Visitor: 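Pasting a structure here, questions to come.
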There are 2 protein chains.
Amino acid sequence: MTIRYPVAPPTLADVAERAGVSRQTVSNAINNPDLLRADTLTRVQEAIDELGYSPNRAARNLRTRASHLIGLKFSPAQEGTANAAMDRFVHSLVETAGGAGYHILLFAVGEEDDEALRGYDDLLRSTAVDAFIVTDTYLGNPQATWLRQRRAPFVAFGRPWDDDAADHPWVDVDGAAGVDLATTHLLDRGHERIAWIGWRKDSRIGEDRRSGWTRAMHGRHLSTTGLASRTEDTVSSGREASAVLLDEASPSAFVCASDTLAMGVLHTLRDRGLQPGQDISVVGFDDSQVAQVIQPGLTSVRQPLEEVAVEVVRALEGLLGHPPVVSPGVLLTPTLAVRETG
Amino acid sequence: MTIRYPVAPPTLADVAERAGVSRQTVSNAINNPDLLRADTLTRVQEAIDELGYSPNRAARNLRTRASHLIGLKFSPAQEGTANAAMDRFVHSLVETAGGAGYHILLFAVGEEDDEALRGYDDLLRSTAVDAFIVTDTYLGNPQATWLRQRRAPFVAFGRPWDDDAADHPWVDVDGAAGVDLATTHLLDRGHERIAWIGWRKDSRIGEDRRSGWTRAMHGRHLSTTGLASRTEDTVSSGREASAVLLDEASPSAFVCASDTLAMGVLHTLRDRGLQPGQDISVVGFDDSQVAQVIQPGLTSVRQPLEEVAVEVVRALEGLLGHPPVVSPGVLLTPTLAVRETG
DNA sequence: CACGAGGGTTGGAACGATCAAGCGGGGAGG
DNA sequence: CCTCCCCGCTTGATCGTTCCAACCCTCGTG
């Protein structure tokens with residue numbers, strides 16, 4: 001079977017010849033239209049349309065030393081959990097970035113830290129991407145630290161936490177505010193003994209979300225002692241933690257650091273014949289597909305990922321502008337998707 | 001705040017000078033190492049390592065007329081459904097493609113067909129990508145048709161169905177075999193009245209999956225009349241369809257075209273106080289996160305997306321090789337993830 | 001009328017890699 | 001001894017775009 005490849009696409013010179021002007025004039029027609037006289041511009045435009053011309057990306061990239069590509073390490077949702085933020089975020093990002101003239105380039109890196117850094121380094125040294133978006137910014141994230149040392153432009157989805165050396169733009173969602181929202185929602189419905197199931201203490205994100213719970217509880221002068229549990233982000237951990245809490249603290253509601261943990265709570269309730277939403281309320285975090293399709297529906301904190309994408313792209317445009325501008329961190333507020341469990 | 005950008009990265013000429021050879025020799029050291037004498041090669045390698053050199057992508061792309069980028073239109077999981085295949089597929093794809101020297105470039109296109117085509121066209125004309133991966137290959141998909149006419153290299157995840165004009169490589173999962181597997185599994189467990197809930201008749205994928213059910217049933221000389229329902233791919237549709245089927249055909253098990261529909265069945269069972277897996281068995285399709293985290297776990301057909309990615313990349317390498325080779329279609333067999341509901 | 005200013009346009013050079021051709025030296029074959 | 005070829009490497013040209021400096025023409029001004 002033979003393949004006939006498309007004929008060589010038209011170049012700037014082809015357009016110039018057709019329009020009866022020079023290459024530079026065509027280039028200006030595309031990049032600085034206001035430098036041309038109106039009649040020349042329309043003549044060039046016609047030639048461009050007739051030939052179906054688009055500037056060759058490689059040549060432009062070579063000359064301008066910019067690729068208009070943004071690197072993103074793609075991490076899929078873990079199997080067996082309810083985490084699905086990446087998918088939604090990436091989609092919003094692709095759309096928003098596209099509007100600003102950027103494309104998203106995905107790459108995978110090895111598990112080891114140094115392998116991961118090599119992945120970033122290769123893309124950077126070969127000038128394949130103009131900047132990166134970093135999504136997992138736990139404290140001491142070697143990628144963020146390394147990129148900063150390398151003076152490579154990047155925007156983080158996630159705060160630098162207490163890393164004072166950080167001077168890069170970031171966008172994050174206020175987890176504490178989200179959990180506060182969820183807890184207050186339960187308080188308003190009359191709950192007083194509201195338990196927390198979160199992640200281990202060394203997770204800054206987990207501790208941040210937890211602080212929203214204590215803040216809301218203490219705001220109503222309610223005690224939180226004995227009502228909290230910290231564990232792994234798995235369904236079975238949530239199940240065990242909630243069983244213990246039910247036995248030892250008899251809460252009337254649970255707020256969880258993730259939908260995965262909330263699913264564990266629902267399992268425990270099912271084991272004990274308790275009706276979620278009726279006997280015990282449950283709220284998760286992330287508004288995953290799971291929260292949306294199960295019965296009864298799981299009330300959950302929803303991150304404004306579309307807005308996050310918009311802010312990330314805005315910061316990126318600043319970084320890559322002339323002169324570059326480092327925009328300050330942006331903290332967005334999540335909403336609460338109320339369903340039957342809470 | 002001032003930003004100090006990294007110094008200009010080293011070029012081929014820098015390496016050449018340091019190693020005391022010509023540019024071309026360095027180029028050969030990278031692309032055709034066997035052309036060099038061993039000692040020259042090591043000398044060049046040392047120079048490359050010392051300078052931390054990586055070839056400039058733009059320059060290489062310009063000269064070789066190839067970008068080593070593969071375009072993929074990124075469609076996120078729909079809210080309110082359990083579909084999550086894209087996420088897993090993209091991850092496998094990024095990893096496999098990376099191993100073959102390709103990166104994945106994501107793009108979004110407008111809703112309208114002509115807008116979508118313009119999205120593809122722009123990337124193609126500007127030589128931003130070498131090829132595309134097309135994932136939604138319903139019959140008469142304008143993108144596939146257009147790409148074929150344009151003689152643009154692309155690989156489809158999904159059969160061309162009865163489009164005889166198709167002569168592009170494709171990889172697909174044998175939905176019929178998957179549903180056959182699921183149905184046979186239920187038959188082996190003693191079920192005889194097994195119902196089907198699928199999509200509307202104009203969905204070729206849906207009809208394919210359905211044929212696996214009829215094949216398995218007829219193989220055991222069991223009737224399928226009155227046991228099938230075709231509807232939209234939403235939880236509520238699955239719920240209603242299963243309620244009707246329970247009333248009118250009293251099946252002992254359901255096989256569904258998607259996990260979303262299976263969730264609808266579970267809702268109906270819950271409404272009626274029936275125990276999934278005990279009273280009525282349920283099997284879904286896609287092995288989504290939802291299937292994995294709910295209680296009881298949803299038995300589901302799992303697509304071998306990692307293998308799909310491998311085959312897609314293999315086909316891509318053929319298409320972009322010299323000379324280009326159009327590999328024949330590949331049909332992979334799914335597996336069954338058995339859990340409590342079936 | 002000469003001159004300067006400035007918008008519009010021009011050709012040459014550069015970006016950093018690969019391709020194609022060429023070059024000297026050494027060994028095999030006539 | 002000459003020719004031919006192959007090996008290992010070098011040199012010049014080229015991909016398509018944008019940057020740079022110079023150019024031409026027109027117009028307003030002294």
Side-chain angles (χ1 to χ4, degrees), chain A residues 5-45 47-48 51-68 101 122 124-128 130 322, chain B residues 5 7-45 47-48 51-69 101 122 124-128 130 322:
Chain A
Y5 270 110
V7 294
T11 73
L12 204 66
D14 297 330
V15 178
E17 192 182 9
R18 183 173 193 111
V21 295
S22 70
R23 299 190 319 271
Q24 181 63 27
T25 303
V26 179
S27 178
N28 284 337
I30 294 167
N31 302 312
N32 302 83
D34 47 333
L35 288 183
L36 300 203
R37 228 172 27 214
D39 59 331
T40 320
L41 183 57
T42 52
R43 209 165 72 244
V44 174
Q45 268 300 349
I48 288 178
L51 292 176
Y53 168 78
S54 301
N56 181 305
R57 280 262 220 305
R60 171 177 280 179
N61 294 349
L62 174 59
R63 187 64 240 220
T64 62
R65 298 168 172 284
S67 66
H68 285 260
D122 284 346
L124 208 51
R125 286 191 316 192
S126 62
T127 61
D130 292 346
H322 300 286
Chain B
Y5 270 110
V7 293
T11 74
L12 204 66
D14 297 331
V15 177
E17 191 182 10
R18 185 176 193 108
V21 294
S22 71
R23 299 189 321 270
Q24 183 62 30
T25 303
V26 179
S27 176
N28 284 337
I30 294 166
N31 301 312
N32 302 85
D34 47 334
L35 289 182
L36 300 203
R37 225 169 38 208
D39 61 330
T40 321
L41 183 58
T42 53
R43 209 167 71 244
V44 174
Q45 269 300 348
I48 289 177
L51 292 176
Y53 169 78
S54 303
N56 179 306
R57 270 295 239 256
R60 172 179 277 178
N61 294 349
L62 175 58
R63 186 65 238 218
T64 62
R65 301 169 169 283
S67 66
H68 285 260
L69 291 180
D122 284 347
L124 208 51
R125 286 192 316 192
S126 63
T127 62
D130 292 346
H322 300 287

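Throughout, a chain's letter reflects where its sequence line sits, starting with A, and its residues are numbered from 1. Computed from a predicted model, the values in this text were never measured in an experiment.
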Visitor: Side chain of A/Tyr53, heavy atoms from C-beta onward: which of D/dC9, D/dT17, C/dA17 has the nearest atom to it?
Guide: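 Given the options D/dC9, D/dT17, C/dA17, the side chain of A/Tyr53 is closest to D/dT17.
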Visitor: Among the candidates C/dG16, C/dT18, D/dT17, find the nucleotide nearest to the side-chain atoms of B/Thr64.
Guide: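 Nucleotide nearest to B/Thr64's side chain: C/dT18.
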Visitor: Taking A/Asn56 for its side chain and A/Ala59 for its backbone only, find out whether a donor-acceptor pair lies under 3.5 Å.
Guide: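 Yes, the answer is positive, given that a donor and an acceptor are paired below the 3.5 Å cut-off.
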Visitor: Which residues satisfy the salt bridge (Lys or Arg N to Asp or Glu O under 4.0 Å) test with A/Asp34, sequence neighbours excluded?
Guide: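 In terms of salt bridge (Lys or Arg N to Asp or Glu O under 4.0 Å), with neighbours along the sequence ignored, A/Asp34 is linked to no residue.
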Visitor: Closest heavy-atom contact between A/Ser126 and B/Pro55?
Guide: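 Of all heavy-atom pairs spanning A/Ser126 and B/Pro55, the closest is CB-O, 3.3 Å.
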Visitor: Quickly work out the A/Asn32 CG to D/dC20 C1' distance and round it to whole Å.
Guide: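 Value for this atom pair: 14 Å.
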Visitor: Considering heavy-atom distances to DNA chain D, does B/Thr40 or A/Ala58 have its closest nucleotide positioned more toward the 5' end?
Guide: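 Nearest-nucleotide comparison on DNA chain D picks B/Thr40.
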Visitor: Where along residues 19-28 of chain A does a heavy atom fall under 4.0 Å from DNA chain D?
Guide: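 DNA chain D contact set from residues 19-28 of chain A: A/Arg23, A/Gln24, A/Ser27.
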Visitor: Given atom CG of B/Asp34 and atom P of D/dC9, what is their separation to the nearest angstrom?
Guide: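 In whole Å, D/dC9 P and B/Asp34 CG are 12 Å from each other.
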Visitor: If you look only at distance, which donor and acceptor atoms sit under 3.5 Å apart when one is on a side chain in residues 12-20 of chain A and the other is two or more places apart or in another chain?
Guide:
from: A/Asp14; atom 1: OD2; to: A/Thr11; atom 2: N; distance (Å): 2.9
from: A/Arg18; atom 1: NE; to: A/Glu50; atom 2: OE1; distance (Å): 2.6
from: A/Arg18; atom 1: NH2; to: A/Glu50; atom 2: OE1; distance (Å): 2.7

Visitor: Under 4.0 Å between any heavy atoms, over every strand shown, what does A/Asn61 touch: base, sugar-phosphate, or nothing? Just pick one.
Guide: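 Result for A/Asn61 = nothing.
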Visitor: List the atom of B/Arg57, the atom of A/Ala128, and the distance in Å for their closest heavy-atom pair.
Guide: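 Shortest heavy-atom contact: CG-CB, 3.9 Å.
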Visitor: Do any side-chain nitrogens or oxygens of A/Arg65 fall under 4.0 Å of OP1 or OP2 in C/dG16?
Guide: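 True: A/Arg65 side-chain N/O within range (under 4.0 Å) of C/dG16 OP1/OP2.
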Visitor: Keeping A/Ser27 on the side-chain end and A/Arg23 on the backbone end, is there a donor-acceptor pair under 3.5 Å?
Guide: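 Flag not set: sc A/Ser27 to bb A/Arg23 has no pair under 3.5 Å.
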Visitor: From CD of B/Glu17 over to P of D/dT10, roughly how many Å is that when rounded to an integer?
Guide: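 Checked: the CD to P distance equals 13 Å.
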Visitor: In whole Å, I'd like the distance from the CG atom of A/Leu35 to the P atom of C/dG6.
Guide: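 Distance, rounded to whole Å: 15 Å.
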Visitor: Whole angstrom is fine here: how far is it from CG in B/Leu12 over to P in C/dC15?
Guide: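 Those two atoms, CG and P, are 14 Å apart.
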Visitor: For the side chain of B/Arg63 and the base of C/dT18, is some donor closer than 3.5 Å to an acceptor across the two?
Guide: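 Donor-acceptor pair under 3.5 Å: yes.
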Visitor: To the nearest Å, give me how far apart CG (A/Leu51) and P (D/dG16) are.
Guide: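 Nearest whole value for this atom pair: 14 Å.
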Visitor: Once you round it to whole Å, what is the distance between C1' of C/dT9 and CG of A/Asp39?
Guide: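 Taking CG of A/Asp39 and C1' of C/dT9, I get 13 Å after rounding.
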Visitor: First locate atom CG of B/Leu35, then atom OG1 of B/Thr40, and finally report the distance between them rounded to the nearest 0.5 Å.
Guide: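 With rounding to 0.5 Å, CG (B/Leu35) is 11.5 Å from OG1 (B/Thr40).
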Visitor: Rounded to the Å, how far apart are A/Arg57 CZ and D/dT18 C1'?
Guide: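 Distance check: A/Arg57 CZ to D/dT18 C1' gives 16 Å.
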Visitor: Between D/dC9 and B/Arg37, is there an OP1 or OP2 to side-chain N/O distance shorter than 4.0 Å?
Guide: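 It does, given that an N or O in the side chain of B/Arg37 lies less than 4.0 Å from OP1 or OP2 of D/dC9.
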